[in-house]
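Read the structure below first, then the notes.
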Amino acid sequence: MRDILDTITRWWEDGETFGLATVVRTFRSAPRDPGAALAVAGSSVDPGASGVPGASGGDVIGSVSGGCVEGAVYELAADVAQTGEPVLETYGVSDDDAFSIGLTCGGILDIFVEKVSQETFPELGDIADAVRRGEPVAVATVISGPAGALGARRVIWGDVTRPSTGSLGPGEMLDSHVDEDVRGMLEQGATGTRTYSERGERLGDELSVFVSSFAPAPRMYVFGAIDFAAAVARVGKFLGYHVTVCDARPVFATKSRFPDADEVVVDWPHRFLAGAFEADEIDARTVVAVLTHDPKFDVPVLEVALRTPAGYIGAMGSRRTHADRLGRLREAGLTEPELARLRSPIGLDLGARTPEETAVSIAAELIQLRGGGSGRPLTDTAGRIHPEAAPV
């Protein structure tokens, strides 16, 4: 929902009522991950403004299927905006007619549709403000369970001193267990569904709770203020990272040379990264890209990086440069398991030459590692194209 949050918050602030459809579970080759959302404004917006064939509601924002079932979901969301009755709907391929309402790619989507307004979701404005400030927050919603529980919502703030709001059911156990589980999911940036008993025991499955996490954007640290860094910063921002470019040379490390970066820092790379580590700003989602081509910069910063929990650590350079770099890092005391984390030469083998092509090869490696793909052409592979979402 993050990609449509600004728009639906404007609707909410204007007093609009709208239907919100969210992917909560996927199976097989589903085109969108859990958390993808589509919203349809209520009848106060002129019908047909969306251009969706057969649509009966108003403006639409977002997508839940890449086009396969958008029309049907649009109609359902428009209806829910009027009736207020939440619905959990399953869309999948039809064995009798692959071109009926369903996912002709063979996937299955569970989509939860709810009515949203200032009355039904009073915390939405605070959530949007927190997301803009980079503060973690999550929304837990009952998507299936006993009568009367469907649609119950609880907002859990990353700040443990701030009380959660709303309740998912009677008794304290369910809310307490959900709060604990959600805070763990926020630390990982995870969105997905968890199941509980009606009383709230974790081993039960009578009640399903979908957790939409709004964790701060993962960080990408790019070291070396060169033309390749500008391209990497651009693609990193496109992929949703908070991008920082760092170089010790103030003449090169300027905002005008790196307009796509969130931050441009003039400092010695190893000192800056050590400070980020001490400030607890490096986790398993963090990307470190060392593009300096200079041992006096890249060896010290890699010595720091390889001892942090950063999920991706890559360094640019030829194979000869890589071999020399490994020798220097061994002399600095790095162990073989630590050195094995280094991806160098950086990126996938795409035949890249230009800065832009090199940035694409780095982005491809990040996506491949995150999604678990083989990195081979899809024409040479079999099975599902879109990897099934990992269980939470």
Exercise. Given T358 and M316, is the side-chain contact (heavy atoms from CB on, under 4.5 Å) satisfied, shown in steps?
Worked result: CA-CA 10 Å; T358 301; M316 182 179 287; 3.8 Å; yes

For this session: Report yes if some heavy atom in the side chain of M185 is under 4.5 Å from a heavy atom in the side chain of T191; otherwise report no.
Result: no

For this session: Only counting residues at least two apart or in another chain, list the ones meeting salt bridge (charged side-chain N to carboxylate O under 4.0 Å, His left out) with E356.
Result: none

For this session: Give the cluster check for I111 versus L150: same hydrophobic cluster or not, with ILVMFWY residues linked at side-chain heavy-atom distances below 4.5 Å.
Result: no

Problem set entry | Evaluation steps, side-chain contact (heavy atoms from CB on, under 4.5 Å), between F214 and M1 | CA-CA 9 Å; F214 297 95; M1 188 171 72; 3.3 Å; yes

Problem set entry | Cation-pi check, R343 onto Y312 ring (under 6.0 Å, within 45° of axis) | no

Problem set entry | Distance-minimising heavy-atom pair for V211 and A138 | CG1-CB, 4.2 Å

For this session: Could you tell me whether a side-chain N or O of E206 sits under 3.5 Å from a main-chain N or O of G145, the two making a donor and an acceptor?
Result: no

For this session: Using a 4.5 Å cut-off on heavy atoms from C-beta on, say whether the side chain of E135 contacts that of D159.
Result: no

Seminar exercise, completed: Rounding to 0.5 Å, atoms CZ (F121) and OG1 (T141) come to a distance of 7.0 Å

Exercise. Taking C-beta and beyond as the side chain, do V264 and T254 meet within less than 4.5 Å on heavy atoms?
Worked result: no

For this session: Scan residues 212-236 for pairs that pass side-chain hydrogen bond (donor to acceptor under 3.5 Å, both in side chains), counting only residues two or more places apart or in two chains.
Result: R234-D260

For this session: Determine whether more than 12 heavy atoms belonging to other residues, nucleotides or ligands lie under 6.0 Å from atom CG of D349.
Result: no

Problem set entry | Test item: W157 side-chain N/O and A130 main-chain N/O as donor-acceptor pair under 3.5 Å | no

Exercise. According to a 4.5 Å side-chain heavy-atom criterion applied to Ile, Leu, Val, Met, Phe, Trp and Tyr, with indirect links allowed, do V80 and L38 form part of one hydrophobic cluster?
Worked result: yes

Seminar exercise, completed: Closest non-hydrogen contact found for H293 with G317 is CE1-CA, 3.8 Å

For this session: Check the side chains of D324 and T321 for a donor-acceptor pair under 3.5 angstrom, ignoring hydrogens and angles.
Result: no

Problem set entry | Worked check of side-chain contact (heavy atoms from CB on, under 4.5 Å) between E357 and L350 | CA-CA 8 Å; E357 290 173 346; L350 304 181; over 6 Å; no

For this session: Supply the atom-to-atom distance T308 OG1 to L306 CG, rounded to the nearest 0.5 angstrom.
Result: 7.5 Å

For this session: Could you please spell out the steps behind the side-chain contact (heavy atoms from CB on, under 4.5 Å) verdict for Y196 and D181?
Result: CA-CA 11 Å; Y196 302 87; D181 294 342; 2.7 Å; yes

Problem set entry | Hphob cluster co-occupancy, L239 + F258, side-chain heavy atoms under 4.5 angstrom | yes

Exercise. What heavy-atom pair brings G200 and H177 nearest, and what distance separates the two atoms?
Worked result: O-ND1, 2.8 Å

Problem set entry | Results of salt bridge (charged side-chain N to carboxylate O under 4.0 Å, His left out) for R10 - residues two or more places apart only | none

Exercise. Got R285 and Y241 here, is their nearest side-chain heavy-atom distance under 4.5 Å?
Worked result: no

For this session: Drop me the distance from R328's CZ to K296's NZ, to the nearest 0.5 angstrom.
Result: 11.0 Å

For this session: Please check if the side chain of T193 supplies one atom and the backbone of V24 the other of a donor-acceptor pair under 3.5 Å.
Result: yes

Seminar exercise, completed: Separation between CZ (R153) and OG1 (T165), nearest 0.5 Å, reads 9.5 Å

For this session: Look at E180 together with R202 and state whether they make a salt bridge at an N to O cut-off of under 4.0 Å.
Result: yes

Exercise. Less than 4.5 Å apart, any side-chain heavy atom of I8 and any of V116?
Worked result: no

Exercise. So, D175 side chain and L168 main chain: donor-acceptor pair closer than 3.5 Å or not?
Worked result: yes

Exercise. Do you know the tightest heavy-atom contact between A289 and I346?
Worked result: CB-CD1, 4.2 Å

Exercise. Side-chain heavy atoms under 4.5 angstrom apart, residues restricted to Ile, Leu, Val, Met, Phe, Trp, Tyr: same cluster for V40 and V69?
Worked result: yes

Problem set entry | Nearest non-hydrogen partners of A261 and V245, listed with the distance | CB-CG2, 3.9 Å

For this session: Please name the pair of heavy atoms, one in V243 and one in K237, separated by the smallest distance, quoted to 0.1 Å.
Result: CG2-N, 3.6 Å

For this session: Give a yes or no on this: more than 12 heavy atoms of other residues, nucleotides or ligands lie within 6.0 Å of atom CZ of R319.
Result: no

Exercise. If only atom types and distance count, is the side chain of E198 paired as donor or acceptor with the main-chain N or O of L207 below 3.5 Å?
Worked result: no

For this session: Please confirm whether the backbone N or O of A364 pairs with a side-chain atom of Q368, one donor and one acceptor, at under 3.5 Å?
Result: no

Problem set entry | Any V288 side-chain heavy atom under 4.5 Å of F223 side chain | yes

Problem set entry | Residue pair T9 / R132, side-chain heavy-atom distance below 4.5 Å | yes

Seminar exercise, completed: Rounded to the nearest 0.5 angstrom, the CG-CD1 distance for D3 and I61 is 8.0 Å

Exercise. When you measure from the side chain of R257 to the backbone N and O of A225, does any donor-acceptor pair fall under 3.5 Å?
Worked result: yes

Problem set entry | Heavy-atom check, side chain of R194 versus side chain of V178, under 4.5 Å | no

Exercise. Between CG of L302 and CZ of R341, what distance do you get to the nearest 0.5 Å?
Worked result: 11.0 Å

Exercise. Any chain of hydrophobic side-chain contacts (each under 4.5 Å) joining W12 to V155?
Worked result: yes

Exercise. Any luck finding a side-chain donor-acceptor pair between E263 and H242 under 3.5 Å?
Worked result: yes

Problem set entry | Among F272, F252, W268, ring-ring contact (aromatic ring centres under 6.0 Å, His included) partner for F297 | W268

Problem set entry | Donor-acceptor contact below 3.5 Å, side chain D247 vs main chain R249 | yes

Exercise. Quick check: does any side chain N or O of T120 sit under 3.5 Å from a backbone N or O of K115, one acting as donor and the other as acceptor?
Worked result: yes

Exercise. Does any N or O in the side chain of S176 come within less than 3.5 Å of the main-chain N or O of M173, such that one atom is a donor and the other an acceptor?
Worked result: no

